[in-house]
Amino acid sequence: MSSDGIYIGLHDGIGSDFGWLDDNHTTPRSNWAAGEPRRDESEGNCVYKSPGDWKWKSGLCDEPRAFVCQKLSAQNAGSTQMTITFPFTLKKFYINRSHTIGCSAFTTPGRSSIIFKITAKNFTQHFHDGDSGFSNNGREFVREAGRCLLRARASLVFKPQPQMVNGMLSCCWMRQEDSMSCTSLRMERLYFESQTPVLELDMLGGVPVAHTHKKFHFICAAFVGTGGQLHMSLSTPSTNLTWRIDKHGVTPVEKTEGPVTYILDDARQHELKIDKAVKSSEEPDLGLYIRGELAIEGSEHLSGANLSCSSFCPYNPALNTANKTVSAGPIIIKPREIRHASSPTNFTGPVMRKKSTLKKYIDDQPPLLLFILMVILLIMAFALVAAVKSGGEAF
């Protein structure tokens, strides 16, 4: 070095206030020599201190001098790092949930740009400073292998999309002109989050209604997320029933709390008659869809029952929030409406025959009138017989 003194990292840019190279413009204490600081408005000033009194002095920044670097703790020094903050304690990539990627990189001064990349099949996206979700988190000078290097830090908030599955997530930085180095992590699997279920019931004034001797249909459907389940529950004053439904079918679940609990097979032998049907499908943009239907024979045993349905994730309890459950009840019971049809037409085998006009006329008369007609016919018959006998005696 041709000049005495050691640069300490304090400068005033060009005509600005003095501040540190790590962008911290506060100087809580100072150790200026007499007559300092001096300013050269055209070139800017860098602060150094010389052996002897070690007081702070200012001079042109192009003077060659030794320098000191900020000391880092052992855990922060070293190679470039990429960190990911997941939305849940479970470290999984969830579609449409915010994730934060942190990146720190050692570069030479002037080569501090950080770029994030996401590459997948038929999909590539770059994120630069100024893009939505991108943040510069400051910089600091570090002495590394005898050189003064700039460590840049940045972060990106992004939401994985279905087309990113098995994609590569990369944090890249510049080391030399037109030279880029990256640290990457593969997103081998993306997880769908469970959604709020939808109930389909026979309703009257916002209350579920069942009719005696008629099937009551309890239908629930939801996108249950990756590996998710649908839980359908029926609770009466004497019975608690829960069915766990996944893509493999229906499994009865026995509860221990509350009144006496029956699983599905027992329910058939007791007061409830229940049939079940399940449909499921995989939607590429929304995940597993399950629709469960329980057809329950309407009876007094169903009166006052409550229904609930939940979209349930067995491996991530943080997803099983209150808004993933819907309920309805209590059920009210009404008698089944019986409609009387008109007298059916007589059938003989597959051929339909019409009634005769006389027979139809007779069938339409009241019983008392038919009785009177029968009496009159009998009297006329007796009179005719008597007249025939008397005529024979005259001859």
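Remember, it's a predicted structure, so these values are computed and weren't measured experimentally.
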Using a distance-only test with no angle check, is there a side-chain donor-acceptor pair under 3.5 angstrom linking [X] and [Y]?
{"X": "T242", "Y": "S233", "result": "yes"}
{"X": "N316", "Y": "Y94", "result": "yes"}
{"X": "N240", "Y": "S235", "result": "yes"}
{"X": "T325", "Y": "S310", "result": "yes"}

Please name the pair of heavy atoms, one in [X] and one in [Y], separated by the smallest distance, quoted to 0.1 Å.
{"X": "A152", "Y": "I114", "result": "O-CD1, 3.6 Å"}
{"X": "Q125", "Y": "M164", "result": "OE1-CE, 4.3 Å"}
{"X": "S280", "Y": "I290", "result": "CB-CG1, 4.1 Å"}
{"X": "T100", "Y": "S155", "result": "CG2-CB, 4.3 Å"}
{"X": "S184", "Y": "M82", "result": "C-CE, 4.0 Å"}
{"X": "L288", "Y": "G228", "result": "CD2-O, 4.0 Å"}

Test L169 against I84 for side-chain contact (heavy atoms from CB on, under 4.5 Å), laying out the working first. CA-CA 10 Å; L169 180 62; I84 299 177; 4.0 Å; yes
Evaluate the side-chain contact (heavy atoms from CB on, under 4.5 Å) criterion for residues L302 and I296: first the C-alpha distance (whole Å), next the side-chain angles of each, then the deciding distance (0.1 Å), finally the verdict. CA-CA 9 Å; L302 204 56; I296 309 168; 4.0 Å; yes
Any link between [X] and [Y] through a network of hydrophobic side chains (Ile, Leu, Val, Met, Phe, Trp, Tyr) touching at under 4.5 Å?
{"X": "L185", "Y": "I95", "value": "yes"}
{"X": "V157", "Y": "M187", "value": "no"}
{"X": "M380", "Y": "I372", "value": "yes"}
{"X": "F192", "Y": "F123", "value": "yes"}

Could you go step by step and tell me if H231 and C309 meet the side-chain contact (heavy atoms from CB on, under 4.5 Å) rule? CA-CA 6 Å; H231 285 193; C309 182; over 6 Å; no
To the nearest 0.5 Å, tell me how far [X] [atom1] sits from [Y] [atom2].
{"X": "T236", "Y": "L241", "atom1": "OG1", "atom2": "CG", "answer": "7.0 Å"}
{"X": "E63", "Y": "C46", "atom1": "CD", "atom2": "SG", "answer": "10.5 Å"}
{"X": "D202", "Y": "K215", "atom1": "CG", "atom2": "NZ", "answer": "13.5 Å"}
{"X": "Y191", "Y": "K92", "atom1": "OH", "atom2": "NZ", "answer": "3.5 Å"}
{"X": "R65", "Y": "Y7", "atom1": "CZ", "atom2": "OH", "answer": "4.5 Å"}
{"X": "W56", "Y": "Y48", "atom1": "CH2", "atom2": "OH", "answer": "14.5 Å"}

With a 3.5 Å distance limit and no angle check, can you tell me whether [X] reaches the backbone of [Y] through a side-chain donor-acceptor pair?
{"X": "S327", "Y": "S308", "answer": "no"}
{"X": "K324", "Y": "L319", "answer": "yes"}
{"X": "N320", "Y": "C313", "answer": "yes"}
{"X": "E36", "Y": "S58", "answer": "yes"}
{"X": "S311", "Y": "Q195", "answer": "yes"}
{"X": "N31", "Y": "W54", "answer": "yes"}

From CA spacing to verdict: side-chain contact (heavy atoms from CB on, under 4.5 Å), Q163, N122: CA-CA 8 Å; Q163 63 268 31; N122 302 322; over 6 Å; no
Do F223 and Y289 have their ring centres less than 6.0 Å from each other?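 Yes; Y289 has its ring centre under 6.0 Å from that of F223.
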Could you check whether the rings of F86 and F93 sit parallel, tilted or perpendicular, using 30° and 60° as the cut-offs?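 Rings of F86 and F93: perpendicular, over 60°.
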Would you call [X] and [Y] a side-chain contact if the rule is heavy atoms closer than 4.5 Å?
{"X": "R189", "Y": "V165", "result": "no"}
{"X": "F312", "Y": "V224", "result": "no"}
{"X": "M203", "Y": "V209", "result": "no"}
{"X": "F216", "Y": "P208", "result": "yes"}
{"X": "L201", "Y": "F218", "result": "yes"}
{"X": "E293", "Y": "I219", "result": "yes"}
{"X": "I118", "Y": "M168", "result": "no"}
{"X": "V198", "Y": "V326", "result": "no"}

Candidate list Q161, K159, E193, test side-chain hydrogen bond (donor to acceptor under 3.5 Å, both in side chains), partner N96, passing option: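 It is Q161; the other options fail the test.
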Going by side chain to side chain contact (heavy atoms under 4.5 Å, CB included), name the residues that satisfy it together with K117, two or more places apart in sequence or in a different chain.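 K117: side chain to side chain contact (heavy atoms under 4.5 Å, CB included) contacts with I115, H126, S170, C172, C182.
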Are H217 and E200 close enough, and set up right, to give a side chain to side chain donor-acceptor pair (under 3.5 Å), and what steps lead you there? CA-CA 8 Å; H217 294 274; E200 298 177 32; over 6 Å; no
